[in-house]
Amino acid sequence: MGGLLLWYNPAHMEQTPVASGSRTTPKDFFLWLLAVVALYGSIISFITLLFGYINYVFPDALAGYADPYGGGIRSAMAALIVLVPTTVVVMQLLRSTIIKEPGKEKIWVRRWAIGLTLFIATITILVDMVTLINTFLAGEITVRFGLKVLVVLAVALFIFFHTLLDQKGYWIRHGGRAKMLGAFTIVVSLAAVIAGFFIVGTPSEARDVRFDMQRVSDLQMIQGQVVTHYQQRGTLPASLSELADPLSYFSIPADPQTNADYTYRKTDTLSFELCAVFAREGKDLRGRGEYGSKDIGVSYPYPGPDAGLENWQHGEGEQCYARTIDPERYPLFEKPVLR
């Protein structure tokens, strides 16, 4: 009887053997998390970068102003440089681990990562096709829109079939092809980044353009103060020094790169000029934005006789802007009556 009790004791029952390496360790979890984050970041950055190129090459009259020297294209380029090699290296490391420990192929974090990627890729393809058909039925298909749809579709299909093969263990069994695909991905991403320099220029060129944008902003500010001075006193200032007002916390801006003073000239009773020295020729960026909005990049309201829009475009070197105040549009302020 004691022998029977010992035989039925759960502590002595035979356990199902666990495959070597089938348990998910913290290292496994965080490596797969890093792989997923790097992969999704790479995909988003690649699509964002290509969208920026399409917007720039195919401007749309209904789209607003875009600044390629701002965060969009530049950030996507930086993300691709970092995230794509990270994705390739981490995926190669994970596959090498599976080759050494076959049980790692069945761990839950890998199955969830692959399943989530397949799900997101499938949803993206479906949404992309619905958007294409809906836009086609509305008669709004343009080259710009069509190229964006193709980019999303191509990337989603690539990720879907790559992940599907990964789920079946194809890339583990064919490690050489996996390395070739990784190298190809890095080359394509590098080519996309290099193409970006034809738009944003080299880092030194981009810095010069940022300085020029600040110069335009400074001239706008000075112009507004000149108009306000006229409305308050009925005459244009003789020099920029008259605009300095400690009570309103306005200080006269200087060139951000050289710290030189901007040039102001009073040319007539209601006319004046503002001049600055620019480092680069300005680009017309109208219609190159992502969404429809009012252009604010090249045209600004100004106190002119035709009540139109004044162009702030400029070439390289000194550029002067002539302004004439319209008294009807900018009447003098009424002075308070002191009692």
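- Looking at Arg144, its side chain does come within 3.5 Å of a backbone N or O of Phe58 through a donor-acceptor pair.
- Of all heavy-atom pairs spanning Ile186 and Pro85, the tightest one is CD1-CA, 4.4 Å.
- Using a 4.5 Å cut-off on side-chain heavy atoms (C-beta onward), Gln319 and Val277 make no contact.
- Tyr40 and Leu83 fall into different hydrophobic clusters, where Ile, Leu, Val, Met, Phe, Trp and Tyr side chains are chained together by heavy-atom contacts under 4.5 Å.
- Looking at Val226 and Tyr264, their side chains come closer than 4.5 Å, going by heavy atoms from C-beta outward.
- Side-chain polar atoms of Asp128 and Thr131 form no donor-acceptor pair below 3.5 angstrom.
- A heavy-atom distance below 4.5 Å is not found between the side chains of Tyr230 and Thr235.
- Counting heavy atoms from C-beta outward, Asp208 and Gln257 have side chains that approach closer than 4.5 Å.
- Placement of Leu33 and Leu94 within a single hydrophobic cluster is found when ILVMFWY residues are connected by side-chain heavy-atom separations under 4.5 Å, directly or transitively.
- Using a 30° and 60° split on the angle between ring planes, His314 and Phe278 fall in the parallel class, below 30°.
- Annotation for Phe184: atom CZ does not count as buried by contact number, only 12 or fewer foreign heavy atoms lying within 6.0 Å.
- The main-chain N or O of Phe51 is found under 3.5 Å from a side-chain atom of Asn55 such that the two form a donor-acceptor pair.
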Asp28 vs Thr25, test: side chain to side chain donor-acceptor pair (under 3.5 Å). Steps then yes/no. CA-CA 5 Å; Asp28 296 327; Thr25 65; 3.0 Å; yes
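- The shortest non-hydrogen separation linking Glu318 to Cys275 is OE2-CB, 3.9 Å.
- Using a 4.0 Å cut-off between charged nitrogen and carboxylate oxygen, Asp212 and Arg215 count as a salt-bridge pair.
- Between the Thr87 side chain and the Ala38 main chain, a donor and an acceptor come within less than 3.5 Å of each other.
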Go through Leu132 and Leu153 one step at a time and tell me if the side chain to side chain contact (heavy atoms under 4.5 Å, CB included) criterion holds. CA-CA 10 Å; Leu132 174 63; Leu153 182 61; over 6 Å; no
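- With hydrogens and angles ignored, the 3.5 Å screen pairs a side-chain donor or acceptor of Arg173 with a backbone N or O of Lys168.
- Taking all atoms of both residues into account, the shortest heavy-atom contact from Gly234 to Leu332 is CA-CD2, 3.5 Å.
- In terms of modelled atom types and a separation under 3.5 Å, the side chain of Lys104 and the main chain of Arg23 share a donor-acceptor contact.
- Under the 4.5 Å side-chain heavy-atom criterion for grouping Ile, Leu, Val, Met, Phe, Trp and Tyr, Ile325 is connected to Met221 within one hydrophobic cluster.
- Aromatic ring pairs are classed by plane angle as parallel below 30°, tilted from 30° to 60° and perpendicular above 60°; the pair Trp171 and His162 is parallel.
- For the pair Arg265/Cys320, a side-chain contact is recorded, criterion being any heavy-atom separation below 4.5 Å from C-beta on.
- In this structure a side-chain-to-backbone donor-acceptor pair under 3.5 Å is missing from Ser271 to Thr267.
- Side chain of Tyr170 to main chain of Ala178: no donor-acceptor pair is present (N/O by atom type, distance under 3.5 Å, no hydrogens or angles).
- For Asp255 and Tyr262, the side-chain atoms include no donor-acceptor pair closer than 3.5 Å.
- Nearest heavy-atom pair, Ile252 versus Leu240, reported as atom, atom and distance to 0.1 Å: CD1-O, 2.7 Å.
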Could you please spell out the steps behind the side chain to side chain contact (heavy atoms under 4.5 Å, CB included) verdict for Met91 and Val89? CA-CA 6 Å; Met91 292 303 299; Val89 170; over 6 Å; no
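- Within 6.0 Å of CZ on Phe119 lie no more than 12 heavy atoms contributed by other residues, nucleotides or ligands.
- Because its NZ or CZ atom is not both nearer than 6.0 Å to the ring centre of Phe272 and within 45° of the ring axis, Lys266 does not count as a cation-pi partner of that residue.
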If you apply the rule salt bridge (charged side-chain N to carboxylate O under 4.0 Å, His left out), what do you find for Glu316 with Arg280, and how did you get there? CA-CA 5 Å; Glu316 181 180 347; Arg280 303 278 175 177; 6.0 Å; no
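- Linking ILVMFWY side-chain heavy atoms closer than 4.5 Å, directly or via other members, places Tyr53 and Ile81 in a single hydrophobic cluster.
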Determine, step by step, whether Phe29 and Ile107 satisfy the side chain to side chain contact (heavy atoms under 4.5 Å, CB included) criterion, reporting the C-alpha distance in whole Å, the side-chain angles of both residues, the deciding distance to 0.1 Å, and the verdict. CA-CA 10 Å; Phe29 176 82; Ile107 59 177; over 6 Å; no
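- Under the 4.5 Å side-chain heavy-atom criterion for Ile, Leu, Val, Met, Phe, Trp and Tyr, Val187 and Leu80 are members of distinct hydrophobic clusters.
- Minimum interatomic distance between Arg110 and Asp166 (heavy atoms only, all atoms of both residues): NH2-O, 2.7 Å.
- No more than 12 heavy atoms of other residues, nucleotides or ligands sit less than 6.0 Å from atom CZ of Arg207.
- A donor-acceptor pair under 3.5 Å is formed between the side chain of Gln231 and the backbone N or O of Pro331.
- Test Val37, Val36, Ile43 against Leu39 for side chain to side chain contact (heavy atoms under 4.5 Å, CB included) and you get one pass: Ile43.
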May I have the step-by-step check of side chain to side chain contact (heavy atoms under 4.5 Å, CB included) for Leu181 and Phe158, ending in yes or no? CA-CA 11 Å; Leu181 182 62; Phe158 174 80; 4.0 Å; yes
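- Under a 3.5 Å cut-off, the side chain of Gln223 and the backbone N or O of Leu219 do not form any donor-acceptor pair.
- Both tests pass for Arg323 against the ring of Trp312: distance under 6.0 Å to the centre and angle within 45° of the axis.
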